[in-house]
2 protein chains.
Amino acid sequence: MVRKSASGRIGIADVAVKAGVSHATVSRVMNGNFTVDPEIAARVRAAAVELKYQPNPVGRSLALGKTDTIGIVVPDLANPTFQAILRGLSRAAAQDGYRVLIADSFEVSSEETILAGEARRRCDGLVLCAPRMSDAELEEIAPSLRPLVLINRTTAAAGVPSLVVDYGQGVQDIAEHLVDLGHTRLAFLAGPPRSASNNLRLQGLEAFKAAHPQVEVTMLEGGSDFDAGHGAVDAVLESGATGILAFNDLVAMGLMSGLHERGLDVPGDISVTGFDDIPFAKYTTPTLTTAAVPITELGEQAWHQLRALIRNEESDAPGSRYQPKLEVRASTGPAKAARTAVHG
Amino acid sequence: MVRKSASGRIGIADVAVKAGVSHATVSRVMNGNFTVDPEIAARVRAAAVELKYQPNPVGRSLALGKTDTIGIVVPDLANPTFQAILRGLSRAAAQDGYRVLIADSFEVSSEETILAGEARRRCDGLVLCAPRMSDAELEEIAPSLRPLVLINRTTAAAGVPSLVVDYGQGVQDIAEHLVDLGHTRLAFLAGPPRSASNNLRLQGLEAFKAAHPQVEVTMLEGGSDFDAGHGAVDAVLESGATGILAFNDLVAMGLMSGLHERGLDVPGDISVTGFDDIPFAKYTTPTLTTAAVPITELGEQAWHQLRALIRNEESDAPGSRYQPKLEVRASTGPAKAARTAVHG
DNA sequence: GCAGCCTGAGAAAACGCTTTCTGAGGCAAG
DNA sequence: CTTGCCTCAGAAAGCGTTTTCTCAGGCTGC
């Protein structure tokens, strides 16, 4: 007959009774408060062990006003990029005793807002990956979500650090690489139209076009997954481009798969590049030239920024910018001589 | 001057004051209790909207004794299998208004126990993927974790459903497939030694060997990731086997990559199979023959089982067994010797 | 016209913890 | 020997909700 409380679970009261002390004393002992007589403390600890007492985190959270939990909102848990961010975040947070609550918005921007609010209320802080949300809405809700760290978005709201990957620069590096290989007709297989990171890529391409007026860059509609790439084969071939910049590695892999089915050689006939350098990029055939983003590290940094905010420390870095690193592998090669010959 | 409580956040008390009613009435209105005068209810709602009042979930959880959150413990968030389970679970739970708290044990079995307990206390139920935990320990802690759903483990504890993939049958199906192709020397590139699912595969192989005494099956040490496969090339070649059953798709991909580097042809020289049918398996070169596990669906089912437990419904199915489905693709082909013999 | 019922709202208890406040007892100093 | 400080444990007040309990007032029914 151990249990006293009706809930069935043993609580602080049970331990107090068993040890013959007050609730307060049990709490003090459990929290390592040393203003308790060692002998009594030992008795309490013994009782706690015997009853297998474990403090109820909900009660604790209510009293302390903190949950030791952070939330993360991602647009798609199936996307390797967000999986990696989640992984880095979770690992880093766990190191400091924090847990992660996930919220998947399934690419629905209206969900992003609601989920962010709900998640935030249950947690001590929030990491927000909301590529679809409008700037206006982000601006609107950001203050109420603090402590908040943004991924690949920025906001004017004070005290909201952003971790952004410089997709614009990355895409320029890739384009330069293709030009160096002799390609003069490029095509960009775009991501989701309203995606923030897609816009950054487009800006990068504009800069690239300004710097290389002689290079033709065709814009093609795409998406963010295998199927988008696989389904874009026709459009790619029609464009006549010999160097294809896919929105990300997934799209690139889908495209390569489709090109392979058509009997085309990569990079012999067409060079293909990805973005992100997901783990699988090293193992495709041919291995994929891409721009590596230290994405797990980004998740880790997100935690460090959030931790500083939670602890009310002055964040030394109000945000960070990550430079993708060009990874040249086997999916890119010299432009086909025949095509250039036809040109003349 | 809206805020009254010291915490800064507006609470039920602020709304009560603003609407000129008691806390109780506000609570009733917020929870759709209809024993409130419509006019008063409207006034409360107006006040709530104006103050942007959102109930504090922690206080709510304490009062209600539920958190609307479930936990999942996974051994490795980098593993596509667990990512898929998480995805399926999260999606299904979200549909019912539940959130998911994740705990990554990083393959450390002692962590599994602690994390499971901690996660469970914060949640209304738990999904446990703990392949490394000993049976004894699982047996010990399972009762205290209920409502609990196990993945790929079973326990004698009552009311703890298990969702298990029949890895044994799957591995037999794959082996049969290779034998049908004329392979007589097989090798199994094993997973982590203490992994429960690896043991199931080994049992399946024993059954297979008993049924096919003429087939030689070599056991090789492996692991569960790319590198394990990539690093096993030498051992695979030494074994002289022509049909390799890799622990999972990742290992298979690593192995194929290594074989490719050695100038060997898959499936011309050696046939390679995976397990799981992760999304990338369709896009490797050659595409990977594997055993498909409906893993996202498994995560979804985990939620349904857990939901039944939480709601105290009689779970019609105390657990389920999933049969992998052989997916024959291009990484397996006729055994070299057999082909030569036929031609000669 | 009054007893009793019903409706509906406020007071207060409960959830499980932390922490401040209070006060009893021991001890040192005057 | 008394005053006052200090130590340490218990009482009680939060934390923000929900829910039971209580009770006032308006009805119905006789």
J.: How many whole angstroms separate atom CD1 of Ile12(B) from atom P of dC15(D)?
T.: 14 Å
J.: For Tyr98(A), give me all partners under ring-ring contact (aromatic ring centres under 6.0 Å, His included), at least two apart in sequence or on another chain.
T.: Trp303(A)
J.: Using heavy atoms and a sub-4.0 Å distance, could you list which residues of residues 59-71 of chain A are near DNA chain D? By number, please.
T.: Leu62(A), Ala63(A)
J.: Show me the pairs that pass salt bridge (charged side-chain N to carboxylate O under 4.0 Å, His left out) and involve residues 296-308 of chain A, at least two apart or across chains.
T.: Arg91(A)-Glu300(A), Asp96(A)-Arg307(A)
J.: For residues 67-96 of chain B, which residue pairs pass the ring-ring contact (aromatic ring centres under 6.0 Å, His included) check, not counting sequence neighbours?
T.: none
J.: What bend angle does the helix from dG1(C)-dC30(D) to dG30(C)-dC1(D) show across its length, from five-pair end axes and to the nearest 10 degrees?
T.: 60°
J.: For Thr113(B), what residues pass the side chain to side chain donor-acceptor pair (under 3.5 Å) criterion, not counting sequence neighbours?
T.: Glu137(B)
J.: So what does Val58(A) touch, heavy atoms closer than 4.0 Å: a base, only the sugar-phosphate, or nothing?
T.: nothing
J.: Could you give the side-chain donor-acceptor pairs of residues 38-49 of chain B under 3.5 Å, partners two or more places apart or in another chain?
T.:
{"unit_1": "Arg43(B)", "atom_1": "NE", "unit_2": "Ala19(B)", "atom_2": "O", "d": "3.0"}
{"unit_1": "Arg43(B)", "atom_1": "NH2", "unit_2": "Ala19(B)", "atom_2": "O", "d": "3.1"}

J.: Walk me through whether Val165(A) and Ser197(A) qualify under side chain to side chain contact (heavy atoms under 4.5 Å, CB included).
T.: CA-CA 8 Å; Val165(A) 175; Ser197(A) 80; over 6 Å; no
J.: Which salt bridge (charged side-chain N to carboxylate O under 4.0 Å, His left out) pairs, counting each pair once, include a residue from residues 24-37 of chain B, with sequence neighbours left out?
T.: none
J.: If I take atom NE2 in residue His23(A) and atom C1' in nucleotide dA11(D), what distance separates them, rounded to the nearest angstrom?
T.: 10 Å
J.: Just compare dT17(D), dG10(D), dG10(C) and give me whichever is closest to any side-chain atom of Pro55(B).
T.: dT17(D)
J.: Which residue pairs pass the salt bridge (charged side-chain N to carboxylate O under 4.0 Å, His left out) test when at least one of the two sits in residues 78-89 of chain A, sequence neighbours left out?
T.: none
J.: Between Ile10(A) (CD1) and dC15(C) (C1'), how many Å, whole number?
T.: 17 Å
J.: Would you mind reading off the distance between Arg43(B) atom CZ and dA9(C) atom C1', rounded to a whole angstrom?
T.: 11 Å
J.: Which residues in residues 26-39 of chain A have at least one heavy atom lying under 4.0 Å from any atom of DNA chain C?
T.: Ser27(A), Arg28(A), Asn31(A)
J.: dG10(D), OP1 or OP2 - any side-chain N/O from Thr25(A) closer than 4.0 Å?
T.: yes
J.: Out of dT19(D), dA11(D), dT17(D), which nucleotide sits closest to the side chain of Asn56(B)?
T.: dT17(D)
J.: Using the side chain to side chain donor-acceptor pair (under 3.5 Å) rule, collect all pairs that involve residues 65-75 of chain B, keeping only residues at least two apart or in two chains.
T.: Lys66(B)-Asp68(B), Thr67(B)-Asp124(B)
J.: Using only side-chain N and O atoms of Tyr53(B), determine if any of them is under 4.0 Å from OP1 or OP2 of dT17(D).
T.: yes
J.: Which pairs with one or both residues in residues 126-135 of chain A pass side chain to side chain donor-acceptor pair (under 3.5 Å), sequence neighbours excluded?
T.: Glu107(A)-Arg132(A), Asp135(A)-Arg153(A)
J.: Does Glu139(A) have more than 12 heavy atoms from other residues, nucleotides or ligands lying within 6.0 Å of its CD?
T.: yes
